[in-house]
Amino acid sequence: MFSISQDKRTNRLYMFCWIAYFTSYLLRYDYTACLSEILVQESLTESQAGLVTTALFITYALGQLFSGVLGDRIKPDKIILSGLAVSSLTNLVFPFVQGYIWMTVLWAINGFAQAMLWPPMVRIMAECFRGEEYRKAAVNISVACAASTIGIYLLAPLCIQLVSWEALFFLVSAIGVCITILWGSVVPRLTMDDGARKEEKPTATNEIHSVRLGKLILEVGLIPVFLAIVAQGVIRDGVSSWTPQLLSEYFSLEISDSILLTVTLPVLTVIALKVSAWLNKRFFKNQVKCSMFLFGIALVSFVALIPLGGLHPVIMVGLAGISVSAIHGVNLMLISELPAYFRGYGKVSTISGVLNTCTYIGSATSTYGFGWLMEHYGSNTMVVAWILSAAAGVVLALLSLRKWTSFMKKAKSE
């Protein structure tokens, strides 16, 4: 898991990136894992509870732009350090605030802090890892997200049953503080320029191209990709956030049982990430083409939910798991692997920030929007929205395919 190279320093740096991103998901999704319990204990409506998560996604999206641009200009490890520290602090304070307004404010701060991690981390990986090293790191760090989600969905019902939902926040904040201290103590030495970065001497084929960001986006055909990533965010976080509530509504399960059953989603995701990476390497060899195929799988699974989802909890979770797993594969292709192609333009962190912003525009829309849909029109309407989002992803990936394929050939030749 923590070996992507024969070089020990490279492996150590990758290990710390993996652990930091694993921890960031604990600090981000503890609220989502406890959402059903918080609804009951804090007497919140679905839309009020959804607003708290929406605030995180909005500030995360905005923060991605800031951190993406900043990550190409100053040392990325320092940006990540500050993000981990602030996120740990907000999780520590969260159980002490009362009312959804203050919860929303605090979680918005957490969202901005969380945004300080991914774009700078992509820059670290793009500069320190090459070729197969980068691909392995991208896949395995995506697995870290799923592994962290599994962890948080296992810890949540345990904390709720033994203590309270607040105990989960105290636990993950303690983990966050420990990892923050380790990151600040070790990683700066691993990212020093005295050999850690495998930079090549400038040549005619690897020099940095000076191209304005707007022009580059149009030339590469990234606008449909941006919109497809919005659809991916709508599905990924919408399904993960509201599946426990669907299970409770359809099958009258206890909240802790619904949360525990939902842990199946990220378990399937771990498998799907490996499969998605293999499919692209073996068959598609094109991130956008592979994403179009994965959106199609999610679409079929969502359609099947309408006649089959209400038959049994396992069927509902299985179909939701297939769709979410496919969407995490899209995330791997478009968020993790795609930015590395912009290394030659000096815009790896910036492009990563813009792409991740699009993800969390979708996430913000889905978490509040689906809560509102469930309140006013019922859960079936939410499933229809998932279907439309997946169909949009297929169409948008198709619209971008020709330009992206041309750009890939150009980037590889350089």
Side-chain angles (χ1 to χ4, degrees), residues 46 50 146 149 224-225 227-251 253 258 261-273 275-276 279-280 283-284 288-334 358-359 362-363 365-401:
E46 282 88 351
T149 307
V225 171
L227 296 174
I229 292 173
V230 171
Q232 177 261 150
V234 166
I235 297 168
R236 189 190 70 178
D237 289 292
V239 176
S240 298
S241 296
W242 292 108
T243 295
Q245 193 68 12
L246 272 180
L247 288 166
S248 296
E249 179 180 314
Y250 271 80
F251 304 107
L253 298 178
S258 297
L261 191 55
T262 308
V263 79
T264 308
L265 301 182
V267 170
L268 292 173
T269 295
V270 172
I271 300 170
L273 287 169
V275 172
S276 299
L279 283 173
N280 189 51
F283 297 106
F284 297 108
V288 172
K289 186 182 293 186
C290 186
S291 296
M292 183 170 63
F293 172 76
L294 294 169
F295 269 121
I297 292 176
L299 176 60
V300 172
S301 298
F302 286 141
V303 171
L305 263 178
I306 294 179
L308 302 178
L311 298 178
H312 195 276
V314 173
I315 295 176
M316 177 178 285
V317 171
L319 290 172
I322 291 170
S323 59
V324 170
S325 298
I327 292 304
H328 274 278
V330 173
N331 189 82
L332 172 66
M333 293 296 113
L334 301 184
C358 294
T359 293
S363 298
T365 302
S366 70
T367 310
Y368 177 77
F370 291 153
W372 185 87
L373 280 176
M374 285 188 72
E375 267 188 52
H376 293 85
Y377 299 103
S379 54
N380 286 336
T381 307
M382 183 169 64
V383 176
V384 171
W386 294 349
I387 292 171
L388 294 175
S389 298
V394 173
V395 173
L396 290 163
L398 179 62
L399 291 175
S400 180
L401 184 57

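The shown structure was predicted, so the numbers you read here are calculated from the model rather than taken from an experiment.
Across every non-hydrogen atom of V234 and S389, the tightest pair is CG1-OG, 3.4 Å. When all heavy atoms are compared, the tightest approach of L311 to P307 is CG-O, 4.2 Å. Contact between S291 and V330 at its shortest, heavy atoms only, is O-CG2, 3.8 Å. Between V225 and S400, the closest heavy-atom pair is CG2-OG, 3.1 Å. Scanning both residues, L294 and A326, for their nearest heavy atoms gives O-CB, 3.4 Å. Nearest heavy-atom pair, S323 versus A320, reported as atom, atom and distance to 0.1 Å: OG-O, 2.7 Å.
For the atom pair CD1 of I306 and CG of L319, the computed distance is 11.0 Å after rounding to the nearest 0.5 Å. The structure places CD1 of I235 at 12.0 Å from CG of N331, a figure rounded to the nearest 0.5 Å.
Counting only residues at least two apart or on different chains, the ring-ring contact (aromatic ring centres under 6.0 Å, His included) pairs with a member in residues 288-313 are F284-F293, F302-W386.
Atom CZ of F283 has more than 12 neighbouring heavy atoms from other residues, nucleotides or ligands inside a 6.0 Å radius.
Here N280 pairs with nothing under the side chain to side chain donor-acceptor pair (under 3.5 Å) rule; sequence neighbours left out.
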List the steps, then state whether side chain to side chain contact (heavy atoms under 4.5 Å, CB included) holds for L299 with I387. CA-CA 6 Å; L299 176 60; I387 292 171; 3.7 Å; yes

Go through L334 and Q232 one step at a time and tell me if the side chain to side chain contact (heavy atoms under 4.5 Å, CB included) criterion holds. CA-CA 10 Å; L334 301 184; Q232 177 261 150; over 6 Å; no

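Shown are L399, V395, V394; of these, the side-chain contact (heavy atoms from CB on, under 4.5 Å) with M292 is made only by V394.
Side-chain atoms of M333 and V288, non-hydrogen and from C-beta on, never get closer than 4.5 Å to each other.
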